[in-house]
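Being a predicted model, the structure only gives us computed values, none of them experimental. Throughout, protein chains are lettered first and strands after them, A, B, ... in sequence-line order, and every chain is numbered starting at 1.
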Amino acid sequence: MRTCLVVDDSKVIRKVARHILETLDYQISEAGDGREALDLLNDTNPDVILLDWNMPVMGGMEFLAELNRLDLSVRPKVVFCTTEHASSSIRDALNAGADEYIMKPFDRETLKSKLEIVAAA
Amino acid sequence: MGLSEPSARLLTALVEARTGQRCDTAGNWRVESRLGGVMASRGLTDMDELVGRIVAPGGAGLARDVVDAVLNNETYFFRDSETFNHIGRFIRHMHDRIEPGRTLRIWSAGCSTGQEIYSLALLIAEELDGLEGRPVELLGTDVSTSAIRRAERGEYNQFEIQRGLPVRRMLRWFEQQGESWRVQPALRAMVRFRSHNILEAAPAGFFHLILCRNVLMYFPGPAREAALARFSDALVPEGGLVLGAGETVLGRSDRFRIAEDFRGIYEHLTDFPPRAARLG
């Protein structure tokens, strides 16, 4: 079973993502910000991280920078999932090391499709 | 208010008469949801009234809009991505076999709003290096005129653009226009579209590859056989036919066989040469 860490300060978004990911046979863990996500990384060892951009304590870009500094045997794939829709923001996220990008709001087909893309890469 | 049974039967008959497709409209919430849009545009609140207006004098335009709404136009970029890998290899294989300078022709039959044929254009432009300058003709056809209009425009909303399309490709080949994303002119120039019913004679000329994915499943058996015969007539010998993942030619046509080296592609048999066509 593949694993996904959902990092979002919105409980509603985490709940929606969890609901969809369960139908896609993912095992899910959740974090409310980047710092909490970093603390969870060792325990959860996710295949994929679904990452929000704007969060309190530690945002998505800062989390990504921290993730890049870690010495991991297998780096999880990072899918930004955010309301930042501008192409410049998308480019910034990719340049910072994101593997894929989802513009919120999203639905099951979008999430499924993006997870398939990162799994095949 | 939902569709009554008599109205649902009438709608099903209308769609089949116009397109050959058998679509069960009774109790189909997706269909009712799409019809809701047509009703709103005409200030109607009752589905039976909508169906009544179709059969009333002057209802032809409405009937066309309703048929468009009932048809399942679901599609997305690089649908069944593994199949696209094989399609890319098959296109390269055809390119290597036909005379230099001759146009390589591909037809997406039932192209809906264009995501499949634009995926092919993108594949050729990006992964196949434009086939080294070989002329390529990409034709997308669909029975729905509104789908064809959208395909020609090549503009997709946030949900459509994200389905199946890797984000790097989106940035490279699409322009952001407010909330939507539009295919770059270079890619649009590679593709042309026209309205066409699969049960009618195929577009003129011969094709090296035909894609008709997740369309024939809506046709009753004899119509499927007729469509496959038309595809055979329109393909060069050893040309390729791609159907949807759950669709097959088995028991419907003896003019194709599974292409051994290209999973998901049927090879057109040379024992059935379409008129005087030759490879090339």
Side-chain angles (χ1 to χ4, degrees), chain A residues 2 4 6 8 10 13 16-17 19-21 23-24 47-53 60-61 64 75-121, chain B residues 29-30 33-34 72-89 112-113 115-116 118-119 122-123 126-127 154-184 187 213-214 244-245 263-264:
Chain A
R2 292 179 63 78
C4 181
V6 181
D8 202 304
S10 161
I13 293 290
V16 169
H19 178 71
I20 295 172
L21 287 162
T23 69
L24 298 172
D47 296 304
V48 187
I49 298 172
L50 203 59
L51 183 64
D52 187 18
W53 191 297
M61 289 296 266
L64 196 49
R75 180 187 178 276
K77 302 284 187 184
V78 175
V79 179
F80 253 103
C81 185
T82 169
T83 51
E84 304 291 334
H85 291 189
S87 53
S88 56
S89 300
I90 301 174
R91 284 198 173 85
D92 287 346
L94 294 176
N95 289 337
D99 297 280
E100 260 301 333
Y101 202 97
I102 293 173
M103 296 176 273
K104 286 179 185 168
F106 59 93
D107 61 3
R108 183 180 186 276
E109 289 309 310
T110 299
L111 184 50
K112 179 171 179 271
S113 154
K114 293 293 187 180
L115 291 171
E116 283 170 357
I117 288 169
V118 294
Chain B
W29 66 268
R30 285 178 197 275
S33 157
R34 291 196 293 262
N72 182 356
N73 284 327
E74 183 178 304
T75 180
Y76 45 92
F77 294 97
F78 294 98
R79 189 172 191 174
D80 304 326
S81 57
E82 183 60 26
T83 302
F84 263 89
N85 294 336
H86 291 282
I87 291 171
R89 287 179 47 246
S112 186
T113 41
Q115 284 90 327
E116 178 177 85
Y118 283 126
S119 299
L122 198 158
L123 194 73
E126 192 175 277
E127 285 190 14
E155 189 173 312
Y156 301 97
N157 66 31
Q158 180 187 309
F159 289 98
E160 293 164 331
I161 196 71
Q162 297 195 97
R163 284 188 186 149
L165 190 65
V167 67
R168 285 178 177 79
R169 284 183 161 170
M170 181 184 86
L171 289 176
R172 181 172 176 189
W173 295 103
F174 292 78
E175 289 169 36
Q176 188 169 26
Q177 297 187 345
E179 292 296 304
S180 60
W181 295 76
R182 189 162 189 214
V183 183
Q184 296 266 12
L187 222 51
R213 304 199 300 159
N214 307 298
R263 197 156 59 81

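- Of all heavy-atom pairs spanning A:Ile90 and B:Met170, the tightest one is CD1-CE, 3.7 Å.
- Residues A:Glu116 and B:Phe78 form no side-chain contact, since every pair of their non-hydrogen atoms from C-beta on lies 4.5 Å or further apart.
- Here the side chain of B:Gln176 pairs no donor or acceptor atom with the backbone of A:Ser88 at under 3.5 angstrom.
- The backbone N or O of B:Arg163 sits nowhere less than 3.5 Å from a side-chain atom of A:Ser113 that would complete a donor-acceptor pair.
- For B:Gln162 against A:Lys114, the heavy-atom pair with the smallest separation is O-CE, 3.5 Å.
- The part of A:Ala98 that comes within reach of chain B is its backbone (N, CA, C, O), which places non-hydrogen atoms under 4.5 angstrom from that chain.
- Looking at every heavy atom in both residues, B:Trp181 comes nearest to A:Ser87 through CH2-CB, 4.0 Å.
- Within the 4.5 angstrom heavy-atom criterion, atoms from both the backbone and the side chain of A:Leu94 approach chain B.
- Looking at B:Glu179, only its side chain comes within 4.5 Å of chain A, counting heavy atoms on both sides.
- The OG1 atom of A:Thr110 sits 11.0 Å away from the CD1 atom of B:Ile161 when rounded to the nearest 0.5 Å.
- Annotation: A:Arg2, atom CZ; neighbour count of heavy atoms from other residues, nucleotides and ligands within 6.0 Å is above 12.
- With a 4.5 Å cut-off on non-hydrogen atoms, A:Ile102 touches chain B through its backbone and its side chain both.
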